[in-house]
Structures are given as C-alpha cells and as structure tokens.
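Quick notes on the structure that follows.
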Amino acid sequence: MKYKNKKLTIEKINFQNLAIRFGTPAYCYSHSKLEENINNFKENFKSFSPLICFSVKSNTNLNIIREIKKFGLGADVVSKGELMMALKAGISPNKIVFSGVGKTNDEIKFAIEKKILLINAESKSEIQVINKIAKRKKKIVQIGIRLNPNTDAKTLKQISTGKSENKFGVNSKTFHELVNYCKNSKNIKLQCLSVHIGSQILDHKPYERMLKAISNIISKTKYKFEFVDLGGGMGISYSNKIKKLNYKKYNSAIKNFLKKHNTKIIFEPGRSIIGNTGTLLSKIIYIKDGGIKKFIILDAAMNDLMRPALYGAVHKILPINKSNIISRDIYEFVGPICESTDKFVTLKKFQKLKEKDFVAICDVGAYGTSLSSNYNLRPKPIELLIKGRKIKIIKNRQKHKDLI
Ligand SMILES: *Cc1c(COP(=O)(O)O)cnc(C)c1O
C-alpha cells in the first residue's frame with residue numbers, strides 16, 4: 001500500500017475507487033504481498049526445505065487458500081470444516097496436518113478417510129480414539145504428538161499456547177509415556193513431534209528455548225521422529241514501532257537442532273503469510289463530539305474485525321485521501337455495534353476527518369474475516385483480491401436475505 005498523489009493505493013488501484021465501486025466495509029487483499037511473504041518465508045529457511053503448512057484458521061477464504069496452494073504450500077487445519085476447505089482448494093492430503101485439543105470421532109474418521117499426512121494428537125484419549133477408529137477401518141494412521149514445552153512465548157497472554165497452564169499439548173512426562181504407548185498401538189504410526197507455543201511472537205528467544213526443550217525430549221526418548229512440526233506464530237509488524245522477528249536467528253537455531261536430530265521440519269505459519277496482505281476499507285458514518293474526544297463512527301465493526309475487542313490488538317488506521325490538516329481532537333475509531341468494546345483505536349494525532357470519508361484499517365489479513373461474525377445481524381463484508389490492475393471478488397457481500 002502506498003500513497004500516490006495523496007491517494008492510498010493497493011497494487012495499481014486506489015482505495016477510493018474500490019470503495020465507490022464495491023461499497024464498504026470491504027476486505028481487500030494484495031496478491032503481490034502474498035507472493036512476497038511466501039517467497040520470503042521459503043527463503044528464510046531454504047537450507048532445510050521445510051514443509052510449510054498454511055494455518056487455515058488465520059484465513060479461511062477458499063480463493064486465498066487456492067492462491068497459497070499455487071505456491072506449493074500445504075495446510076494446517078483445526079476442524080473438519082477447515083480440512084474440507086483445504087481439500088476443496090486442491091491441497092494434497094499428504095501436505096495436510098490436523099491440530100486441536102478436541103477432535104471428535106467424526107473429524108478423526110474423516111481425516112483418516114482422506115489419508116492426510118498427520119493427525120497431531122493432544123492427549124492419550126485422542127490417541128486411543130484414533131487407534132480404535134483406524135483398527136475398525138483396518139488402517140495404519142500416521143500421527144504426531146503435540147508437546148507442551150512449557151515455554152513462555154512472550155506474546156499476548158490470550159494467544160500464548162505453550163505454557164503448562166494452557167490447554168494445548170502434553171507435558172514432557174506424558175509425552176514419554178505416550179511414545180511408549182504408541183509403540184504398542186498397532187494401528188498408529190508415531191511420526192511426528194509437534195509444538196506451537198503461541199502467536200504474534202517477535203522475539204526469537206522463546207523459539208530457541210522451545211527447540212532446546214524438544215531436543216532434550218527427543219534425546220531422552222531415543223525415538224526416531226520422521227517429522228518435527230514447529231508450528232507457526234511468527235509475528236508481524238502492526239506498527240512502525242514494533243521490531244520484527246529475527247528469522248536469521250530462528251533459522252540458525254533450527255540448523256543447530258538439525259545437526260543433532262535428523263528429521264524433516266514442518267511449519268504452520270498463518271499470520272506471517274497472510275496478515276499484512278489484507279486491509280479493511282471502511283466509511284465514516286458519523287462523527288460525534290463526546291466532549292473529551294470525538295467518536296469516529298465507522299461502518300466496520302467488531303463483528304468484521306474482532307481482534308481489538310478480543311485481544312486488545314491495535315491496528316494502524318490510514319486515511320484514504322491524505323491531507324496536511326491535522327485535527328486538534330482525540331479521535332476514537334468505533335463501530336456501530338452495541339458493545340463498548342466495539343472500538344478499534346484511540347489516537348491523539350490524526351489528519352482532520354469528516355463524515356463520509358474513507359479509512360483503511362491495516363494488516364487484517366489474518367484473523368480478520370476468519371474471526372468475523374454476524375453479531376447484531378450484520379451481513380459480512382465483500383472480499384476482493386487485487387493483482388496489479390485486476391480485481392477479483394473472492395467473496396460476495398452477504399445480503400440480509402442470507403440471514404433472515
Ligand atoms: C493458530 C495456529 C497456528 C498459526 O499461528 P500463526 O500465529 O497465525 O502463525 C499454527 N499451528 C497451530 C496448531 C495453531 O493453532
């Protein structure tokens with residue numbers, strides 16, 4: 001995204017035109033940014049050519065997953081619905097891994113029938129269910145066990161997953177027991193140790209500690225894992241102040257790990273692939289003077305973009321038409337929903353805005369639409385994929401008649 005003659009553009013199109021033609025709120029994705037992210041990700045880890053499984057929960061749009069598939073990525077899914085979507089996008093089952101603490105019998109059965117690469121189990125009970133279903137189907141199913149390495153990811157507590165207080169994975173003691181348990185389960189083949197310590201991680205040190213924990217446990221179990229699945233979690237820069245994750249250091253920590261353990265690496269990135277490709281385009285309905293601040297009431301709301309309300313996440317907001325006139329007021333950007341948490345950000349300094357102006361909420365490609373809802377019975381926004389001068393509607397705006 002760039003300003004050209006004071007107009008904010010995505011690829012070769014300006015947002016003003018998109019807003020007028022397609023209405024607001026609208027999710028707009030940049031294809032070239034997606035391509036750049038995937039190429040960078042591959043480049044960062046090219047010495048050991050990992051299997052990169054896109055975390056579908058970060059963006060479940062069929063067309064987006066299709067584009068990602070074209071770059072050769074697999075998928076990490078956490079429900080039957082996501083597995084069906086990944087398959088529909090054409091991703092080969094042998095590039096799909098299935099994570100999650102609560103897979104139902106039906107989900108496990110479906111995953112086995114589709115012959116996916118790995119079911120990453122998160123408890124003994126789940127392993128028992130997989131074995132039982134596999135036995136009934138006379139199959140041998142490849143599984144992983146998710147380790148909870150008790151590593152603090154140093155990120156928002158709501159999106160940390162690798163500490164013992166979190167529900168995910170099993171502790172090292174249970175992990176040992178389960179490795180032995182799998183040896184005696186005839187219909188499963190233990191192939192993978194998996195971890196995922198959290199999301200929006202910007203410091204490489206938690207990853208180093210995680211690798212150390214994995215290394216110790218593999219040495220102790222003396223089990224040959226075909227795969228080590230390191231999960232995702234690589235953070236992105238939501239503001240100019242945030243320092244980026246040091247991929248070089250993460251990469252060299254993995255290379256050191258691989259000197260000791262001969263295994264294939266899997267990644268499950270979501271946000272780092274799709275996060276900064278998406279923008280939520282919105283129109284100012286009203287500006288209301290609240291005395292100490294002005295409420296900029298947008299037509300986008302927490303049902304369209306949940307992250308601020310859910311995690312206190314902050315997204316940058318940009319005017320679509322840039323001016324040099326700075327407002328003296330404090331602006332609070334809010335949505336129309338009947339909840340006080342329906343607000344995006346409060347800013348002390350911004351250019352002067354008026355009603356009917358358009359603004360862009362940045363970096364919403366990950367956990368934007370996938371977390372959206374119809375709360376307040378609001379139809380979901382249109383989604384557009386922009387490639388150069390080309391615009392493709394990748395999801396139609398929901399209509400009230402779809403809801404009522
Ligand atoms: C959510 C999730 C991911 C993706 O996390 P990002 O922070 O988007 O990279 C990967 N693996 C598992 C198991 C997850 O639950």
Side-chain angles (χ1 to χ4, degrees), residues 34 37-38 40-41 44-45 50-61 64-65 68 73-79 81-83 85-86 95-103 107 111 116-123 126 143-149 151 153-163 166-170 192-204 206-207 210 214 227-238 242 244-245 247 250 265-278 306-307 310-311 313 363-371:
L34 176 63
N37 290 344
I38 293 175
N40 284 344
F41 197 95
N44 286 328
F45 302 110
L51 172 62
I52 306 168
C53 294
F54 174 65
S55 174
V56 171
K57 77 171 190 289
S58 68
N59 192 306
T60 48
N61 186 298
I64 295 277
I65 304 167
I68 288 171
L73 271 60
D76 163 48
V77 300
V78 292
S79 71
E82 287 188 4
L83 175 50
M85 194 65 104
K95 286 185 178 177
I96 300 179
V97 300
F98 193 164
S99 313
V101 293
K103 304 177 199 77
E107 288 180 312
I116 66 167
L117 179 63
L118 291 165
I119 300 176
N120 285 335
E122 304 212 16
S123 62
E126 183 184 343
I143 70 158
I145 303 174
R146 179 163 173 183
L147 173 71
N148 183 324
T151 305
K154 303 275 181 217
T155 181
L156 294 171
K157 74 173 192 315
Q158 298 97 322
I159 52 176
S160 285
T161 54
K163 291 262 291 168
N166 303 126
K167 69 182 173 184
F168 300 99
V170 298
C192 178
L193 181 161
S194 82
V195 283
H196 172 69
I197 59 172
S199 201
Q200 186 52 14
I201 298 168
L202 292 162
D203 182 355
H204 62 279
Y207 283 127
M210 169 189 96
I214 303 172
F227 302 98
V228 167
D229 179 344
L230 298 175
M234 296 81 172
I236 62 169
S237 181
Y238 283 101
I242 295 177
K244 291 198 178 94
L245 174 66
Y247 277 90
Y250 189 17
I265 297 291
I266 300 175
F267 286 117
E268 303 168 345
R271 191 190 310 270
S272 51
I273 299 296
I274 198 70
N276 64 0
T277 69
M306 185 73 161
R307 297 188 70 253
L310 193 60
Y311 316 127
D363 307 313
V364 298
Y367 310 103
T369 54
S370 66
L371 265 168

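Atoms within each ligand, like the ligands themselves, are counted from 1 in listed order. Values below: every heavy atom of this structure, side chains too, minus hydrogens, waters and symmetry copies. Computed from a prediction, not measured in an experiment: that's the story for all the values here.
- For atom 9 (O) of ligand 1, the choice among Gly231, Gly233, Gly100, Ala153 with the nearest heavy atom turns out to be Gly233.
- Considering both main-chain and side-chain atoms, Tyr367 comes within under 3.5 Å of ligand 1 through a nitrogen or oxygen pair.
- For ligand 1, the atoms closer than 4.0 angstrom to any heavy atom of Gly232 are 9 (O), 10 (C).
- The backbone and the side chain of Arg271 each have at least one atom closer than 4.0 Å to an atom of ligand 1 (non-hydrogen atoms only).
- Between the side chain of Ser370 and the backbone N or O of Lys57 there is at least one donor-acceptor pair closer than 3.5 Å.
- Among the atoms of Gly270, some N or O lies under 3.5 angstrom from an N or O of ligand 1.
- For the ligand labelled ligand 1, residue Phe168 lies outside the 4.0 Å heavy-atom shell.
- In the model, Asp76 has a side-chain atom that pairs as donor or acceptor with a side-chain atom of Ser99 under 3.5 Å.
- In this structure, the side chains of Arg307 and Asp363 stay at 4.5 Å or more apart for every pair of heavy atoms.
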- Task: Could you walk me through whether Lys95 and Leu73 pass the side chain to side chain contact (heavy atoms under 4.5 Å, CB included) test, one step at a time?
- Result: CA-CA 8 Å; Lys95 286 185 178 177; Leu73 271 60; over 6 Å; no
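- When non-hydrogen atoms are compared, ligand 1 lies under 4.0 Å from neither the backbone nor the side chain of Glu122.
- Here the side chain of Thr155 pairs a donor or acceptor atom with the backbone of Ser199 at under 3.5 angstrom.
- Between the side chain of Gln200 and the main chain of Met234, no donor-acceptor pair closer than 3.5 Å is present.
- A distance below 6.0 Å separates the ring centres of Phe267 and Phe41.
- Within the listing of ligand 1, atoms 13 (C) sit less than 4.0 angstrom from a heavy atom of Arg146.
- Counting heavy atoms from C-beta outward, Val97 and Ile116 have side chains that stay 4.5 Å or more apart.
- For Lys57, a nitrogen or oxygen atom sits less than 3.5 Å from a nitrogen or oxygen atom of ligand 1, counting backbone and side chain alike.
- In this structure, a donor-acceptor pair under 3.5 Å is absent between the side chains of Asn166 and Asn148.
- Between Lys103 and Glu126 there is a salt bridge, with a side-chain nitrogen of the basic residue lying less than 4.0 Å from a carboxylate oxygen of the acidic one.
- Between atom CD1 of residue Ile265 and atom CG of residue Leu51 there is a gap of 11.0 Å, rounded to the nearest 0.5 Å.
- Using a 4.0 Å cut-off between heavy atoms, Asp76 contacts ligand 1 through its side chain alone, with no backbone atom that close.
- Contact analysis leaves Ala366 out of contact with ligand 1, as no non-hydrogen atom separation drops below 4.0 angstrom.
- Per-residue contacts place Glu268 under 4.0 angstrom from the following atoms of ligand 1 (heavy atoms of the residue considered): 3 (C), 4 (C), 9 (O), 10 (C), 11 (N), 12 (C), 13 (C).
- Of all atoms in ligand 1, listed by their number and element, those nearer than 4.0 Å to a heavy atom of Ser199 are 6 (P), 7 (O), 8 (O).
- Distances between N or O atoms of Ser99 and those of ligand 1 include no value under 3.5 Å.
- Residue contact check for ligand 1: Ser272 places no non-hydrogen atom closer than 4.0 Å to it.
- Interface atoms of ligand 1 facing Ser55, defined by a heavy-atom separation under 4.0 Å, are 1 (C), 2 (C), 3 (C), 4 (C).
- Residue-level proximity to ligand 1 for Pro269 is carried by the backbone, the only part with a heavy atom below 4.0 angstrom.
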